[in-house]
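The shown structure was predicted, so the numbers you read here are calculated from the model rather than taken from an experiment.
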Protein chains: 2
Amino acid sequence: MLELRHLRTLTALHETGSVSRAAKRVHLTQSALSHQIKVLQSHYGLPIIQRRGQSIELTEAGKRLVALSGKVLEEIQTAERDLARISQQTSGSLRIALECHTCFDWLMPIMDAFRQHWPEVELDLVSGFHSDPIKLLEEGGADVVIGSECQRRRGIVHHPLFRFEILAVLAPEHTLRGKRILQAADFADVTLITYPVPEERIDLIRKVLRPAGIHPQRRTAELTVAILQLVASHRGIAALPSWGIKSYVDHDYVIARRIGASGLWSDLYVSTLKETASRPYLRDFLMTAKNACFATLEGIIPLA
Amino acid sequence: MLELRHLRTLTALHETGSVSRAAKRVHLTQSALSHQIKVLQSHYGLPIIQRRGQSIELTEAGKRLVALSGKVLEEIQTAERDLARISQQTSGSLRIALECHTCFDWLMPIMDAFRQHWPEVELDLVSGFHSDPIKLLEEGGADVVIGSECQRRRGIVHHPLFRFEILAVLAPEHTLRGKRILQAADFADVTLITYPVPEERIDLIRKVLRPAGIHPQRRTAELTVAILQLVASHRGIAALPSWGIKSYVDHDYVIARRIGASGLWSDLYVSTLKETASRPYLRDFLMTAKNACFATLEGIIPLA
DNA sequence: CATAGTTATGAGTAGAATTCATTAATAATA
DNA sequence: TATTATTAATGAATTCTACTCATAACTATG
């Protein structure tokens with residue numbers, strides 16, 4: 001009766017607090033999940049979720065099943081790693097090229113876990129700037145690229161990760177603090193604080209400012225914390241992923257504002273060579289990354 | 001990809017050592033399992049089973065999945081017990097009437113586990129002889145009957161447990177030791193050692209001897225070990241389930257012979273009132289009993 | 001009060017898991 | 001050695017069920 005799909009659904013419900021968001025998370029329709037829930041509830045004779053206005057909440061029973069889900073899915077993943085070990089497909093290299101600097105925040109713990117699970121895989125971060133990161137894959141300079149490119153190229157697979165919003169980050173006392181939404185024009189006279197990468201790699205500039213003919217001053221810093229410190233001390237404005245600044249915003253260290261009426265969004269993909277895509281350790285890496293991101297990063301949206 | 005049904009199949013394969021027997025165990029066709037196995041193998045790129053002449057053997061990968069199965073299915077059962085607790089359907093009574101004396105061998109450890117899992121359920125064995133045990137259910141004298149009756153009666157549900165063979169048990173030096181198969185006539189001059197129950201409850205007498213007009217002498221003992229001791233010391237012949245005497249036969253304490261060309265078989269059912277059947281603790285009891293029996297008793301066959 | 005966001009539900013569909021029918025292979029029996 | 005009885009594998013057909021679609025009912029928000 002109970003099936004693994006139910007468990008996956010339950011964790012998604014738990015993490016999203018909404019049937020429709022959970023549906024996106026598991027790549028099904030809202031209706032499908034609603035049916036699943038109904039079946040479960042009538043089978044156990046217990047409510048699993050409880051409507052709380054807009055969103056939903058898990059009942060005690062629901063929470064118990066989420067706990068089960070955690071254990072079971074974990075054990076399955078472990079078993080599948082062991083199967084890879086048995087089939088001796090356990091070595092190789094995973095050199096990661098990171099297009100999005102902030103991503104290092106969530107990537108680091110995942111890399112740590114990965115090293116534990118796949119001691120024979122050579123794990124590395126490919127440093128330096130690369131104008132065409134996908135080319136790196138073809139040339140053998142990297143095994144995966146984490147970036148926003150997703151154009152079809154032969155021999156390349158793009159695994160969708162998630163969509164996220166880029167917010168403008170300001171000092172709490174900044175003169176623009178009154179505006180709920182910042183427009184391109186608001187950036188005319190400010191210093192933009194960014195990572196040290198070319199302009200075409202900064203979404204705010206490429207998608208918003210340059211089309212509007214605005215070219216603000218730039219100042220760079222290597223680390224997210226350094227950028228935030230500069231922002232907080234009135235050296236300028238930054239544009240960073242919502243999940244990358246959440247804790248700073250929550251502590252009123254900085255404030256965040258939407259860019260443009262519908263916001264500035266960016267998509268993240270994990271790109272690999274087609275051959276690499278089937279390797280067990282790559283599948284495991286992908287799975288862990290997705291799970292970890294959806295579990296820990298707020299405000300991200302699943303991609304097709 | 002991997003589904004719970006695969007795990008159930010894997011344990012069945014492990015316990016039976018044969019695809020067709022495993023199929024019976026999970027109530028599917030041999031073909032279905034064969035397809036399942038194929039899917040799994042091609043998905044993991046690994047053989048799961050290996051043909052060993054008639055029977056099959058699990059590969060290392062298969063064994064790893066069986067281990068997974070054990071853990072996962074166990075955790076699910078535990079979670080479902082907790083759900084019952086949450087829905088407060090956790091108390092009631094489970095008074096068991098045992099028609100088959102030998103069954104106590106496998107029932108006892110199950111009862112011990114049950115007591116742990118359902119401390120609020122009043123667990124008991126109903127003692128004494130009952131001419132119509134099913135009537136006990138209707139009269140409220142017992143909650144479940146473990147026996148071989150399965151005639152349809154309104155308000156009663158018979159949950160099939162398994163089919164087993166009843167073997168004649170002889171002292172190793174018995175004069176009949178030369179015969180591979182015993183016929184009714186062979187019992188003409190022997191003493192039959194049985195549990196202290198009426199003749200109509202002894203399958204050997206009801207199905208074989210009485211139809212052949214043979215009425216051997218009887219001597220009774222309460223316990224299986226006592227019966228076997230009498231047999232070993234040449235006081236007579238007994239007729240007991242194959243799984244009940246396995247260890248004694250393996251140690252050459254007694255020998256066992258088939259009764260009639262196709263053997264003497266008996267079916268076991270767990271019968272309850274329809275209302276009782278839906279209680280969580282009853283479902284749990286049934287599930288545990290089936291699993292335990294198929295895991296530990298050799299030579300039993302699943303029923304429809 | 002309209003609108004954009006939810007969740008719930010019944011009907012229809014598509015896809016996958018199972019059965020059926022058959023073949024090939026292995027072990028037991030004569 | 002031939003014969004019979006089991007067992008597993010495979011492809012085609014079928015059955016079933018989980019999903020999508022379309023829609024209704026409902027809730028917050030401006």
Roughly, in whole Å, what's the span from CD in B/Q30 to C1' in D/dG11?
14 Å

Okay, side chain of B/S55, backbone of B/S18: is any donor-acceptor separation there less than 3.5 Å?
no

May I ask you to verify if any side-chain N or O of A/Q36 is less than 4.0 angstrom from the OP1 or OP2 atom of D/dA18?
no

Stepwise, does the side chain to side chain contact (heavy atoms under 4.5 Å, CB included) test hold for B/T9 with B/L40?
CA-CA 11 Å; B/T9 295; B/L40 278 183; over 6 Å; no

So if I take every side-chain heavy atom of B/Q54 and compare against D/dA8, C/dT19, C/dA27, which nucleotide ends up nearest?
C/dA27

Is the side chain of B/T78 donor-acceptor paired with the backbone N or O of B/E74 at a distance under 3.5 Å, no angle test?
yes

Should A/S20 be listed as having a side-chain N or O under 4.0 Å from OP1 or OP2 of C/dT7?
yes

May I ask you to test the A/I166-A/L240 pair for a side-chain heavy-atom distance under 4.5 Å?
no

Stepwise, does the side chain to side chain contact (heavy atoms under 4.5 Å, CB included) test hold for B/V157 with B/S271?
CA-CA 6 Å; B/V157 190; B/S271 310; over 6 Å; no

Could you work out which one of D/dG11, C/dG10, D/dT7 sits closest to the side chain of B/K38?
D/dG11

Enumerate the residues from residues 4-18 of chain A whose closest heavy atom to DNA chain D is under 4.0 Å, giving them by residue number; use none for an empty result.
A/R5

Under 3.5 Å, is there any donor-acceptor pair linking the side chain of A/T29 to the base of D/dC19?
no

Ring centroid separation A/F164 to A/W265 under 6.0 Å
no

Is any side-chain N or O of A/S31 under 3.5 Å from a base N or O of D/dC19, one able to act as donor and the other as acceptor?
no

What is the distance, rounded to the nearest whole Å, between atom CD of B/E57 and atom P of D/dT7?
18 Å

Where the side chain of B/H35 is concerned, which of C/dT18, C/dT7, C/dG10 is the nearest nucleotide?
C/dT18

Can you figure out which of C/dT7, D/dA8, C/dT18 approaches the side chain of B/A32 most closely?
C/dT18

Send over the distance from B/L58 CG to D/dA8 P, rounded to a whole Å.
12 Å

So, A/Y44 versus B/E80: side-chain donor-acceptor pair below 3.5 Å or not?
yes

Could you check how far NE2 of A/H43 sits from P of D/dT17, rounded to whole Å?
14 Å

Rounded to whole angstrom units, what separation is found between the CZ atom of B/R180 and the C1' atom of C/dA28?
12 Å

Heavy-atom nearest nucleotide on DNA chain D for A/L33 versus A/R51: which residue maps closer to 5'?
A/L33

Whole Å only: how far is the CZ atom of B/R21 from the C1' atom of D/dA5?
14 Å

Could you check whether the rings of B/W243 and B/F162 sit parallel, tilted or perpendicular, using 30° and 60° as the cut-offs?
perpendicular

On DNA chain D, does the nearest nucleotide to A/L28 precede the nearest nucleotide to A/G53 from the 5' side, or the other way round? Give the residue.
A/L28

From CD1 of A/I56 across to C1' of D/dC26 the rounded distance in Å is 15 Å

Gap between atoms CD1 and C1', on B/I49 and C/dT26 respectively (whole Å)
15 Å

